[in-house]
Amino acid sequence: MKILFISPTWKKEMKAKRLGRNKVFKVPPHNLLIVSALTPKDIEVEIIDENIERIDFEKGVDLVGITAMTASAPRAYEIADTFRKKGVPVVMGGIHVTALPEEAAQHADAVVKGEAEGSWERLLQDFRKGGKEALVQFYKNDERPDPAIIPLPRRELIKNKGYLLSRFLQLSRGCPFNCYFCSVSKFFGKKFRFRPVKKVIEEIKGMVGKPLKTRFLGFLDDNIAGDIAYARELFKALIPYNLLWIGQASINIAHHEDILQLAQASGCKGLFIGFESISEASLGEADKSQNKIKFYEKAIKKIHQFGIVIEGAFIFGFDNDDKSIFRKTVKFIEKVKLDVVQFSILTPLPGTRLEEKLEKEGRIIDRNWSNYDLSHAVFQPKTMTPQELQQGLDWAYKKVYSLSSIFRRTIGSLKGKRWKYLGPLLTLNLGYRSIFKGKEGKPL
Ligand code: B12
Ligand code: SF4
C-alpha cells in the first residue's frame, strides 16, 4: 500500500513571485512528517511539498493525504478533486479543515479534525479493512494527545534541496493566551503541553553531527519561552550540543535575563517576535495586553545585547488603527533598529474570535480563502477603505525594505554582538525586498 501526502502551495502569485523562488522562507511540512511517522512501517509513504516540486497526478497510489492552512485550502481542494476524479481516495487534515470540516468533506473521503495522533491510526485501520467505503466522514480524538507520544518526524522523507534550513522541531502544543486574531489556542487548546526535555534531546542527538549545517535548528513553537521553568531546563540541556537555533518567543522573554543568557549559551541566534502593534488601544482590542508597548524599546535592546537577532511582526487594520499607523510603525521600527520585519493585514481566519466579531458586524467582504494570506484586506476596516489598508501595508513594506532602511537597520546591528550575522541579516532583508519590490504602496 502507498500513501502520497501533499502540502499544497498557496496562491499562484506566491508560487511565481514569492516562495517559489525563495528558499529562505520555505519550511518543510512538519505536520506531514509527523503523520508519516504515525503510519505503520509496512505502508510506503511519500511527501510532496508543492512549494518546491510539482505533483504527478498519474502516480499510482492507494490513498492521498492533504494538509491545508486557510490560504492553501482552495489549492488543496483542487488537488483533492483531481485525485478523486481519477478514483484515488483522499483524506484531509490540518488547521483549516478542522475549522471548517463540512466544507472540506465536500472534497475528501474523510477529514481528520484536530491533532492526528490517535485518529490517523484509526482511519488507517478502517481503510485497511474496507478501503474508502469503510471510512467515516470525520475522525477526531476525544482528548488532546499527550505530547510525550508524538513520534519523531520522519525527516528522511524531506527533499532537502528545496530548503535553506530543513531541521525543525516542535516542543510544545497549545497557548494559554487567546489573541482574537489567532487560530492557535482554539486548535491546540489553551494549555501548554510540552514534550519531555529528555525526548527532545534524544531527537536532537539523532539529528546533529559535526557539519555546521546539521547543528542549525529551528523550533516551530509559538513561544519557546512561554513557560520559564521549561525554557530554563531546555536551554541548559541544549548547551552541550553546540547548536545554532532560531525560534519564536513573546517579547516578555526580555523580562528574564537568566533565560536570555541561557538562550544565548544554547545557541539562540534569532527570535521571531509578535509585537503586533505599537498602539495600546489596538493591542487591547486584540486581547493581547500581555504585550506592553512602553517596554518594547528596552526589551529589544536587552535581547540585542545577547547577540540575538529579532524578526518583528506587526499587524495593520485594527479598529483602533487610523491611517497614521503605517508611518508611526515604520518610524518605530527604524528607531529601535529592528533587524527584520514582517507586516500583516488583520485577517478573520475561520474559527477565530475576530472572524466571529466581523461576521456579526457584516464586515467580511471576501471569502476567497487564497486571499487569507495576511497580505490582503478581506474585511471592511473601520477607519479606512480596504484599498487604503492594502496600500498602507505595501507602503510600509516598501519603506522598511528600501536600501536605505536596510542599511540603517543592519548597520545598526554592527554595534551589538550581532555583527556576525550581517550576512544572514542581509539575506533575509533582501529576500523580503525581492518579494515587495514591485508593489506600489502609497503613503497615507
Ligand atoms: C511553521 C509555520 C509556517 C511555515 C509553513 C510550514 C509548513 N510547510 O507546514 C510557513 C512559514 C511557510 C508558514 C506560512 C504561513 N502561515 Co504558518 N505557521 C507555522 C506554525 C508556526 C507551525 C506549523 C507546524 O508545523 N505545526 C506543527 C504541526 C505538527 O501541527 P499541524 O500543522 O496542526 O499538524 C497536526 C494536525 O493539524 C494534523 N494534520 C495536519 N495536516 C494533516 C494532514 C493529514 C492528511 C492528516 C491526517 C492530519 C494532518 O496532524 C498534525 C499532527 O497532529 C503555525 C503555528 C502552529 N502552532 O501550528 C503557523 C500557522 C499554521 N500559520 C498560519 C498562517 C496564517 C500562515 C500564513 C498565511 C502567514 C504568512 N502570510 O506568512 C502562511 C500561509 C502558508 C500556507 N501554506 O497556507 C496560521 C494558520 C491559520 C489558518 N487558519 O490557516 C498559524 C496557525 C499561525 C497562527 N498564529 O494563527 N507557516
Ligand atoms: S498570537 Fe501568540 S500568544 Fe496570541 S494566542 Fe496566538 S500563539 Fe498565543
Side-chain angles (χ1 to χ4, degrees), residues 3 5-11 14 18-19 25-39 49-52 63-76 90-100 108 110-120 123-124 139 141 144-145 150-151 153 163 168-170 172-188 190 192 218-223 226 247-250 252 272-274 276 286-288 290-291 313 315 342-345 347-352 355 369-370 372-376:
I3 303 179
F5 287 115
I6 299 174
S7 181
T9 190
W10 28 333
K11 248 184 152 105
M14 292 286 181
R18 297 185 178 187
L19 302 184
F25 300 106
K26 282 192 245 162
V27 175
H30 197 75
N31 42 25
L32 298 182
L33 302 180
I34 299 272
V35 181
S36 299
L38 294 170
T39 307
D49 177 354
E50 211 195 358
N51 291 301
I52 63 166
L63 183 64
V64 167
I66 307 176
T67 186
M69 291 188 210
T70 300
S72 57
R75 177 61 186 153
V90 171
V91 295
M92 299 189 78
I95 201 143
H96 180 79
V97 309
T98 300
L100 296 173
V111 175
V112 175
K113 296 205 255 176
E115 293 162 82
E117 292 80 1
S119 46
W120 174 245
L123 183 152
L124 282 181
Y139 288 82
N141 290 319
R144 295 192 187 279
I150 299 174
Y163 312 99
F168 283 87
L169 291 96
Q170 190 192 29
S172 65
R173 293 197 181 157
C175 176
F177 296 109
N178 195 14
C179 309
Y180 84 156
F181 52 78
C182 179
S183 318
V184 170
S185 37
K186 183 87 178 266
F187 185 85
F188 287 110
K190 286 181 78 175
F192 280 129
F219 294 107
L220 294 167
D221 304 75
D222 299 291
N223 186 358
Q248 302 184 70
S250 148
N252 294 325
F272 180 95
I273 295 179
E276 322 301 12
D287 271 342
K288 190 145 187 169
Q290 70 267 28
N291 276 18
I315 301 174
Q342 189 191 80
F343 295 124
S344 301
I345 288 182
T347 302
L349 291 163
T352 57
E355 187 213 20
W369 300 135
S370 41
Y372 281 58
D373 58 357
L374 318 194
S375 302
H376 289 81

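For the numbers below, each heavy atom of this structure counts, side chains included, while hydrogens, waters and symmetry mates do not. Each ligand, and each atom within it, is numbered from 1 in the order the structure gives.
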Are Q170 and D221 side-chain neighbours, meaning at least one heavy-atom pair lies under 4.5 Å?
yes
Tell me which one of E117, H96, M92 gets a heavy atom nearest to atom 53 (O) of ligand 1.
E117
Numbering the atoms of ligand 1 from 1, which are under 4.0 Å from a heavy atom of S72?
77 (N), 78 (O)
Find all atoms of ligand 1 within a distance of less than 4.0 Å from any non-hydrogen atom belonging to Q170, and give their numbers and elements.
27 (C), 29 (C)
S344, portion touching ligand 1 at heavy-atom distance under 4.0 Å:
neither
Using a 4.0 Å cut-off to any heavy atom of G114, which atoms of ligand 1 qualify?
36 (C), 37 (O), 38 (C)
Starting from atom 2 (Fe) of ligand 2, find the nearest protein heavy-atom neighbour and note its residue, name and distance.
K288 NZ, 3.9 Å
Give the atom numbers and elements of ligand 2 that come within less than 4.0 Å of a heavy atom of F177.
3 (S), 5 (S)
Heavy atoms, side chains only, cut-off 4.5 Å: are C175 and D222 in contact?
no
When you compare ligand 1 with A116, is there at least one nitrogen or oxygen pair between them that comes in under 3.5 angstrom?
yes
Going by the order shown, which atoms of ligand 1 are within less than 4.0 Å of some heavy atom of P29?
7 (C), 8 (N), 9 (O)
May I ask you to check whether C179 brings an N, O or S atom to under 2.8 Å from atom 4 (Fe) of ligand 2?
yes
Could you check if a side-chain atom of Q342 sits within less than 4.5 angstrom of a side-chain atom of L374, using non-hydrogen atoms only?
no
Taking only heavy atoms of L220, which atoms of ligand 1 are found under 4.0 Å from at least one of them?
1 (C), 21 (C), 25 (O)
Closest by any non-hydrogen atom to atom 45 (C) of ligand 1: pick that one out of T352, N223, T39, I66.
I66
4.5 Å side-chain heavy-atom contact, L38 and P151:
yes
Distance to 0.1 Å, residue and atom name: give those for the protein heavy atom nearest to atom 6 (Fe) of ligand 2.
C182 SG, 2.3 Å
Rounded to the nearest 0.5 Å, how far does CD of E115 lie from CD1 of I95?
10.0 Å
Between atom NE2 of H30 and atom OG of S7, what is the distance when rounded to the nearest 0.5 Å?
13.0 Å
Please report whether ligand 1 has a polar contact with S7, defined as an N or O pair separated by less than 3.5 Å (distance criterion only).
no
Q248, portion touching ligand 1 at heavy-atom distance under 4.0 Å
side chain
Ligand 2 atoms nearer than 4.0 angstrom to some heavy atom of Q290 are 3 (S)
Heavy-atom proximity to atom 46 (C) of ligand 1, best of A73, C182, G65, G93:
G93
Taking only heavy atoms of D222, which atoms of ligand 1 are found under 4.0 Å from at least one of them?
55 (C), 56 (C), 57 (N)
Enumerated ligand 1 atoms positioned under 4.0 Å from heavy atoms of G94:
37 (O), 39 (N), 40 (C), 41 (N), 42 (C), 49 (C)
Here the gap from N178 atom CG to K186 atom NZ, rounded to the nearest 0.5 Å, amounts to 9.0 Å
Using a 4.0 Å heavy-atom cut-off, say whether C175 meets ligand 2 through its side chain, its backbone, both or neither.
side chain
Any N or O of N31 closer than 3.5 Å to N or O of ligand 1
yes
When you measure from atom 64 (C) of ligand 1 to each heavy atom in H30, E115, M69, R173, which option holds the nearest one?
M69
With atoms numbered from 1 as shown, which atoms in ligand 1 lie under 4.0 angstrom from a non-hydrogen atom of V184?
57 (N), 88 (C), 89 (N)
Would you indicate whether the side-chain heavy atoms of T352 and F181 approach each other to under 4.5 Å?
no
Please report the C-alpha distance between S250 and N223 in whole Å, then the side-chain angles of each, then the deciding distance to 0.1 Å, and finally whether the side-chain hydrogen bond (donor to acceptor under 3.5 Å, both in side chains) criterion is met.
CA-CA 6 Å; S250 148; N223 186 358; 4.6 Å; no
Just say parallel, tilted or perpendicular for the rings of F5 and W120, cut-offs at 30° and 60°.
tilted
Any N or O on T70 sitting closer than 3.5 Å to an N or O of ligand 1?
yes
